[in-house]
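Bear in mind that the values here come from a model prediction, so they are computed numbers and not experimental data.
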Amino acid sequence: MKAIVQERFGPPEVLRPAEIEAPQAGPGQVLVRVRAAAVNPYDWHLLRGDPYVARLLGGVGLTRPKSLVAGIDAAGEVVAVGAGVDGVRPGDEVLGFCPGAFAEFACTTPGLLVPKPAGLTFEEAAAVPMAAVTALRGIRTVGRARAGQRVLVNGAGGGIGTFAVQIAADLGAEVTGVCSARNAELVRSLGAAHVVDYTREDFTGRGERYDLILDNVGGRPLGRLRRALTPRGTLVANGGGSPGHVFGAMGSLLRVVATDPFVRQRLRPLVPTVPDGPVHQDLLAVTALIEAGRVTPVVDRTYPLAETAAGVRHVEQGHGRGKAVITVA
């Protein structure tokens, strides 16, 4: 099969197309023909082995990538199922977490897949898993947003942010989105009542107070973020960061954890959505919102499989609009 392989840590340019043996569905596994795969910040972190401390924690690899084929978000068709698999059949159209998604075929487990909503293209469906589940957890599960609250989403024009704005608005919150000027109209169309252009104004210095802040960007001191919260408000910190750091976003997340016991506000790190986590119910929840017409994936641009490195570079630069998606012919 055609695949995009990474044989060493480095920038997106280390990715290269290759012909490798297709995986087979073993017991408890599902083989998916990948039609589209989304690019996430998760992918470039794994590609670079960044932050460096993550290499010591396992799952990434110490001196070289643990996985030959990158990618995690996928949409496609079930080709085969292994022994002991129930509820999934060959021919089913699915979306979910498929390690090694930057390839024509990928193996996963049935708990990481859900049916693809009929109204979505494969490209739109591939944009859902990690970004939508992270947004759902940040706004609803961890953030506990509810009707009438004032919710701010920092990074509202990105992959997670576009889902978070819609989910918060659907819950009845008054949403403020922080994004660039070019994404302002998009963010408003997704349900934001207010938009702050971060290139012209610091949302932490406006004197406004919010019941919930979902920070997808990082880069603001914790003290300033807390001043933008109500006295009993909640901060959900979702990392951020750029390549080339020892601790990366982990340092700021640890400060959030260390400060929380000493303040009245709720300060919560958002644990990354990983492919082996308990995500099935969250995937069902976001696809139900999509099928009801209450949430819509936003696809920024698409790339053919051979140009996956360009897609990863685009996401790594941090100025995306919705999701970047790899189309697999």
Side-chain angles (χ1 to χ4, degrees), residues 41-42 130-179 187-188 190-196 198 201-241 248-274 277-279 281-282 285-286 289 294-295:
Y42 177 88
M130 184 168 287
V133 167
T134 302
L136 183 78
R137 291 178 174 180
I139 294 295
R140 195 177 76 175
T141 309
V142 179
R144 302 177 187 172
R146 57 185 184 272
Q149 286 191 325
R150 303 188 72 205
V151 174
L152 181 139
V153 178
N154 190 21
I160 296 170
T162 50
F163 282 110
V165 168
Q166 295 179 80
I167 292 169
D170 182 68
L171 290 170
E174 179 184 331
V175 182
T176 296
V178 180
C179 60
V187 171
R188 286 193 182 94
L190 298 176
H194 315 283
V195 174
V196 177
Y198 74 87
E201 192 173 10
D202 182 351
F203 73 87
T204 66
R206 303 173 71 232
E208 302 285 344
R209 298 292 180 266
Y210 302 94
D211 300 293
L212 169 62
I213 294 175
L214 173 60
D215 184 13
N216 296 311
V217 179
R220 293 288 193 279
L222 180 57
R224 292 189 66 86
L225 290 170
R226 288 188 54 224
R227 284 196 291 274
L229 284 174
T230 59
R232 298 282 185 177
T234 298
L235 168 68
V236 179
N238 183 33
M250 295 177 67
S252 61
L253 296 182
L254 288 173
R255 283 192 291 274
V256 166
V257 173
T259 305
D260 176 69
F262 304 101
V263 299
R264 290 188 297 167
Q265 295 156 326
R266 294 178 68 244
L267 310 180
R268 298 290 187 269
L270 188 57
V271 178
T273 300
V274 293
V279 297
Q281 291 303 315
D282 288 332
V286 294
L289 289 171
R294 292 150 61 186
V295 169

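A salt bridge links R220 with D202: the closest approach of a Lys/Arg side-chain nitrogen to an acidic carboxylate oxygen falls below 4.0 angstrom.
For the residue pair V295 and I167, the shortest heavy atom distance occurs at CG2-CG1, 4.2 Å. Minimum interatomic distance between T230 and R209 (heavy atoms only, all atoms of both residues): CG2-CB, 4.0 Å. Looking at every heavy atom in both residues, A169 comes nearest to L190 through CB-O, 4.4 Å. When all heavy atoms are compared, the tightest approach of T204 to R224 is OG1-NE, 2.9 Å. In terms of heavy-atom proximity, A192 sits nearest to G177 at CB-N, 4.2 Å. Of all non-hydrogen atoms in A228 and I213, the two that sit nearest each other are CB-CD1, 3.8 Å.
One distance of note links OG1 of T176 with CZ of R150; it measures 5.5 Å at 0.5 Å rounding. Distance check: D282 CG to R137 CZ gives 4.5 Å after rounding to the nearest 0.5 Å. Rounding to the nearest 0.5 Å gives a distance of 12.0 Å between CD1 of I160 and CG of L136. Atom CZ of F163 and atom CD1 of I139 lie 13.0 Å apart (nearest 0.5 Å). To the nearest 0.5 Å, atoms CD (Q265) and CG (L229) are separated by 5.0 Å. Expressed to the nearest 0.5 Å, how far OG1 of T141 lies from CZ of R268 amounts to 13.5 Å.
Shown here is R266, whose CZ atom has more than 12 heavy atoms of other residues, nucleotides or ligands within 6.0 Å.
The side-chain hydrogen bond (donor to acceptor under 3.5 Å, both in side chains) contacts involving residues 156-172 comprise D170-R294, where partners must be two or more places apart or lie in separate chains.
Partners of R188 by side chain to side chain donor-acceptor pair (under 3.5 Å), not counting sequence neighbours, listed by chain and number: E185. Not counting sequence neighbours, the partners of R206 by the salt bridge (charged side-chain N to carboxylate O under 4.0 Å, His left out) test are E201.
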Exercise for review: Under the side-chain contact (heavy atoms from CB on, under 4.5 Å) rule, what do L267 and L225 come out as? Steps first, then yes or no, please.
Suggested key: CA-CA 10 Å; L267 310 180; L225 290 170; over 6 Å; no
Could you go step by step and tell me if F203 and N154 meet the side-chain contact (heavy atoms from CB on, under 4.5 Å) rule? CA-CA 9 Å; F203 73 87; N154 190 21; 3.6 Å; yes
Q.
Quick one, R144 with T234, criterion side-chain contact (heavy atoms from CB on, under 4.5 Å). Give me CA distance, side-chain angles, the key distance, then yes/no.
A. CA-CA 9 Å; R144 302 177 187 172; T234 298; over 6 Å; no
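Side-chain atoms of N216 never come within 3.5 Å of backbone atoms of N238 as a donor-acceptor pair (strictly under, hydrogens ignored). No donor-acceptor pair under 3.5 Å is formed between the side chain of Q149 and the backbone N or O of L212. Of the possible polar contacts, none joining the D211 side chain to the V151 backbone as a donor-acceptor pair under 3.5 Å is found.
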